[in-house]
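Keep in mind that what you see is a predicted model, and the values were worked out from it rather than measured.
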Amino acid sequence: MAAGNYDSKSIEVLSGLDPVRKRPGMYTDTSTPNHLVQEVLDNSVDEALAGHCSSIKVNLYKDGSIEVSDDGRGMPTDIHPEHKVTGVELIMCKLHAGAKFSGEDYNFSGGLHGVGVSVVNALSKSLIVTVKRNAQEVQMEFAGGEKIKDLTEVGSVGARNTGTKILFIPDEKYFETTNLKLQSLKHLLKAKAVLCPGLKIQFFDEKKGERIEWQFENGLASYLAESEESSHFLLKESVHCSKLEKDNGLDFIVNWSDVSTKNPISETYVNLIPTAQGGSHFSGFKSGLLEALKEFCEFRNLLPKGVKLTSDDTICNASFVVSSKLKNPQFAGQTKERLDSKDHQSFVAASTKDFFSIWLNKHTEEGEIIANIAIKSAQARSKDAKQVDRKKAFQGPALPGKLADCNSNELDKTELFLVEGDSAGGSAKQARERSFQAIMPLRGKILNTWELESDEILKSQEIKDLATAIGVNPGSNEIGQLRYGKICILADADSDGLHIATLLCALFLRHYRGLVEAGRIYVAMPPLYRIDCGKEKFYALDEKEKEKLIEELKTRQGKPKIDIQRFKGLGEMNPNQLRETVMDKATRRLLQLTVEAKDNVNSTMDLLLSKKRATDRKTWLEKKGKIAAI
């Protein structure tokens with residue numbers, strides 16, 4: 001347990017860009033600096049969306065520096081009336097400072113939090129901002145997020161020559177590698193040009209001597225037509241919708257293939273920002289397609305008896321791009337991978353349904369082909385669902401919606417991870433191997449079931465969902481209907497996480513003893529620390545393991561710099577870190593939950609969890625509490 005008094009002196013206030021440097025994983029993807037480039041690029045694209053920018057350049061230099069420039073209006077250089085610093089300094093050094101909150105200067109924009117480019121500054125060894133505005137060219141320099149040179153005039157330009165240029169070098173201590181994922185970056189740049197017709201984007205890689213320029217006057221239509229999948233498309237002309245209103249806009253293009261392709265185009269964007277996890281706009285798009293196709297099938301009597309279409313059936317074998325525009329989008333996090341704006345979902349669903357309904361009635365032959373693909377998908381899904389139902393040990397509600405199931409039906413290959421919290425569950429879904437690993441997020445501490453009867457605990461919705469997911473009722477000795485070969489408890493490495501893991505172990509020991517004795521229950525061991533030494537990285541489960549590792553590293557020649565990061569929880573780990581530490585069979589650490597007669601496990605769990613033994617527990621903690629402290 002932590003020593004010392006907890007009072008107001010214990011409260012630490014992080015100012016300026018300190019929060020970013022302290023917890024970089026909360027603000028950006030720390031696997032590579034790709035997201036930093038995207039943050040700067042998004043500001044330039046917002047200028048293009050507002051009609052003030054026609055050209056963007058992205059240059060990668062041999063020294064590791066990255067330069068993004070545009071011909072937009074240029075960052076404001078005048079003194080802010082309240083904060084008494086230039087607009088450039090305010091934007092670069094102050095979190096949540098920007099011109100996009102009110103919507104007056106930008107009708108549609110992606111940078112709504114006002115933290116993007118200041119995060120880039122915080123995580124860069126050096127950064128230089130050059131602004132052309134008011135017939136002047138001015139410059140300001142930073143190092144490690146701190147200003148080292150005031151805004152200074154470096155030249156004069158024509159009155160119409162405006163724009164912003166940001167040159168920065170990512171700081172390697174915040175990233176697993178400073179090497180950019182070039183294919184991902186080039187794909188992003190191309191997508192920005194596609195989604196903003198007429199915008200010219202130029203890319204230069206000094207190391208490879210590579211130059212590429214993208215400019216699409218026809219936008220989405222030319223994007224799908226030039227894709228590798230285009231040779232398999234069933235429709236000669238893709239279904240293309242474009243709708244723009246005052247506060248909302250929608251562009252989508254979709255085409256279908258008669259076979260399933262390995263790499264179909266399935267991309268979604270909000271204000272030109274890629275949303276890898278989809279969200280409201282993607283749900284609205286699928287919903288609109290479904291409603292239109294269901295009406296078409298019902299009117300033409302195409303649906304076989306007992307077949308029900310779902311939104312996923314409508315995009316089976318489909319390649320599509322969905323680009324939404326809206327004021328004040330609500331994203332799930334700073335990396336903006338999922339849109340959570342519910343009102344916009346209704347707009348997209350209604351717009352998609354109206355447009356696709358008209359298209360289907362104008363192209364009835366093609367419509368029947370698309371309907372046939374969706375019907376075949378529904379029939380195949382129904383067959384798979386019956387196989388899953390046969391594996392369930394009891395009849396009841398459908399599998400819980402928050403369960404991200406795996407594809408395999410081979411019991412000994414499948415794994416279910418019970419993950420603490422929705423945030424960590426989201427990362428785990430990205431980190432898993434979908435073919436055999438399933439994810440079930442749990443909210444906080446589950447019910448203490450140690451002293452309860454098995455029929456009582458099903459009153460808890462969390463436990464009821466868990467029982468439905470694994471396919472076995474609490475208290476049942478019949479485990480033949482088990483749906484997963486391994487059930488892995490995955491909680492934070494801190495004391496709260498260990499408490500949750502203990503409650504889950506108690507659930508299985510008390511109400512699923514058969515699964516424990518069959519060797520089906522495991523506890524994942526996520527690290528509490530990450531240690532970087534030069535270009536090597538290590539993980540430590542606890543304080544003791546961390547200290548031992550540091551002592552070993554200190555003996556190395558050259559006395560390499562050692563950086564230590566303490567994970568606040570699973571939600572703070574990016575998917576790559578989660579994959580290699582708890583999910584990848586080659587590198588993870590799993591402990592099997594076992595019971596032996598000599599363990600006297602019932603007595604120990606009774607001491608830890610029984611309400612009647614509070615006095616005994618207090619005595620035990622006073623004598624042996626230190627051995628449980630982190």
May I have the step-by-step check of side-chain hydrogen bond (donor to acceptor under 3.5 Å, both in side chains) for Asp71 and Ser54, ending in yes or no? CA-CA 7 Å; Asp71 61 353; Ser54 61; 2.8 Å; yes
### Message
Closer than 4.0 angstrom, basic N to acidic O: yes or no for Lys353 and Glu295?
### Response
yes
OG1 (Thr364) and CH2 (Trp359) are apart, to the nearest 0.5 Å, by 9.5 Å
Is any side-chain heavy atom of Leu250 less than 4.5 Å from a side-chain heavy atom of Phe347?
yes
Determine whether more than 12 heavy atoms belonging to other residues, nucleotides or ligands lie under 6.0 Å from atom CD of Glu368.
yes
Between Asp340 and Ser280, the two heavy atoms sitting closest are C-OG, 3.3 Å
**Message:** So Glu415 and Ile439, do their side chains get closer than 4.5 Å, heavy atoms only?
**Reply:** no
Here the pair of heavy atoms bringing Tyr484 nearest to Cys406 is CE2-SG, 3.9 Å
In this structure, CD1 of Ile56 is separated from OG of Ser44 (nearest 0.5 Å) by 5.0 Å
**Prompt:** Under a 4.5 Å cut-off applied to non-hydrogen side-chain atoms, are Asn121 and Phe168 in contact?
**Reply:** no
Nearest heavy-atom contact between Ile373 and Ser257 is CD1-O, 3.5 Å
For the pair Val194 and Leu220, evaluate side-chain contact (heavy atoms from CB on, under 4.5 Å) and give the outcome as yes or no after the intermediate values.
-> CA-CA 6 Å; Val194 168; Leu220 287 176; 3.8 Å; yes
Next on the checklist: Whether the side chain of Lys181 engages the backbone of Thr32 through a donor-acceptor N/O pair (distance < 3.5 Å, no angle test) should be reported.
Outcome noted: no
*Report yes or no: does Gln202 contribute a side-chain atom to a donor-acceptor pair with the main-chain N or O of Lys57 at less than 3.5 Å?*
no
Interatomic distance, CG@Leu60 vs CG@Leu185, rounded to 0.5 Å, equals 6.5 Å
query = Can you tell me if Gln437 uses its side chain to pair, donor with acceptor, with the backbone of Arg434 under 3.5 Å?
reply = no
- Item | Salt-bridge criterion met for Lys243 and Asp354 (N-O under 4.0 Å) | no
### Task
Answer whether the closest heavy-atom distance between the side chains of Glu176 and Ser31 falls below 4.5 Å.
yes
Discussion item. So Met92 and Val117, do their side chains get closer than 4.5 Å, heavy atoms only?
Written reply: yes
Output for pair (Glu213 CD, Phe203 CZ), nearest 0.5 Å, gives 13.5 Å
*With a 4.5 Å limit on heavy-atom distance, are the side chains of Ile487 and Ile470 in contact?*
yes
**Verdict with supporting geometry, Val119 and Glu39, side-chain contact (heavy atoms from CB on, under 4.5 Å)** = CA-CA 9 Å; Val119 168; Glu39 291 285 10; 5.7 Å; no
| said: Any carboxylate oxygen within less than 4.0 angstrom of a Lys/Arg side-chain nitrogen, looking at Asp70 and Lys165? | reply: no
- Task: Start with the C-alpha distance between Asp251 and Ser242, add both sets of side-chain angles, then the distance that settles side-chain hydrogen bond (donor to acceptor under 3.5 Å, both in side chains), and finish with yes or no.
- Result: CA-CA 4 Å; Asp251 283 279; Ser242 183; 2.7 Å; yes
Closest heavy-atom pair, Leu303 versus Cys297, reported as atoms and distance to 0.1 Å, is CG-CB, 3.9 Å
Quick one: do Thr268 and Thr275 satisfy side-chain hydrogen bond (donor to acceptor under 3.5 Å, both in side chains)? Show the steps, please.
CA-CA 6 Å; Thr268 61; Thr275 44; 2.7 Å; yes
| message | Quick check: do Leu289 and Thr352 have side-chain heavy atoms less than 4.5 Å from each other? | response | yes
Practice task
Step through the shown structure and confirm whether more than 12 heavy atoms of other residues, nucleotides or ligands are within 6.0 Å of CZ on Arg300.
Solution key: yes
Output for pair (Phe175 CZ, Asn34 CG), nearest 0.5 Å, gives 9.5 Å
Taking Glu47 first and then Arg73, would you say they form a salt bridge - that is, a charged N and a carboxylate O separated by under 4.0 Å? yes
*asked:* Tell me whether the NZ or CZ atom of Lys286 lies within the 45° cone about the ring axis of Phe282 and under 6.0 Å from its centre.
replied: yes
* Check whether any side-chain N or O of Thr162 sits under 3.5 Å from a backbone N or O of Gly72 as a donor-acceptor pair, and report yes or no. => yes
**Study point:** Derivation of the side-chain contact (heavy atoms from CB on, under 4.5 Å) call for His344 and Asn248
**Key:** CA-CA 7 Å; His344 187 65; Asn248 291 279; 2.7 Å; yes
Should the pair Asp313-Lys376 be classified as a salt bridge under the 4.0 Å nitrogen-to-oxygen rule?
no
Is Lys190 atom NZ crowded by more than 12 heavy atoms from other residues, nucleotides or ligands, each under 6.0 Å away?
yes
key: Donor-acceptor contact present, side-chain Thr314 to main-chain Ser311, <3.5 Å   = yes
In short, Arg432 meets Ala404 closest at the heavy-atom pair NH1-O, 3.2 Å
* Do the non-hydrogen side-chain atoms of Leu189 and Lys192 ever get within less than 4.5 Å of each other? -> no
Q.
Centre-to-centre under 6.0 Å for Phe285 and Phe252, is that the case here?
A. yes
Asn407 atom CG, neighbour heavy-atom count above 12 within 6.0 Å: yes
Smallest heavy-atom separation, Leu466 atom then Met440 atom, equals N-CE, 3.8 Å
Inset, instruction - Determine, step by step, whether Ile166 and Met75 satisfy the side-chain contact (heavy atoms from CB on, under 4.5 Å) criterion, reporting the C-alpha distance in whole Å, the side-chain angles of both residues, the deciding distance to 0.1 Å, and the verdict. - result: CA-CA 11 Å; Ile166 294 180; Met75 286 186 185; 3.9 Å; yes
Sequence neighbours excluded, the answer for salt bridge (Lys or Arg N to Asp or Glu O under 4.0 Å) partners of Lys413 is Glu410
Interatomic distance, CD1@Ile253 vs CD@Glu267, rounded to 0.5 Å, equals 12.0 Å
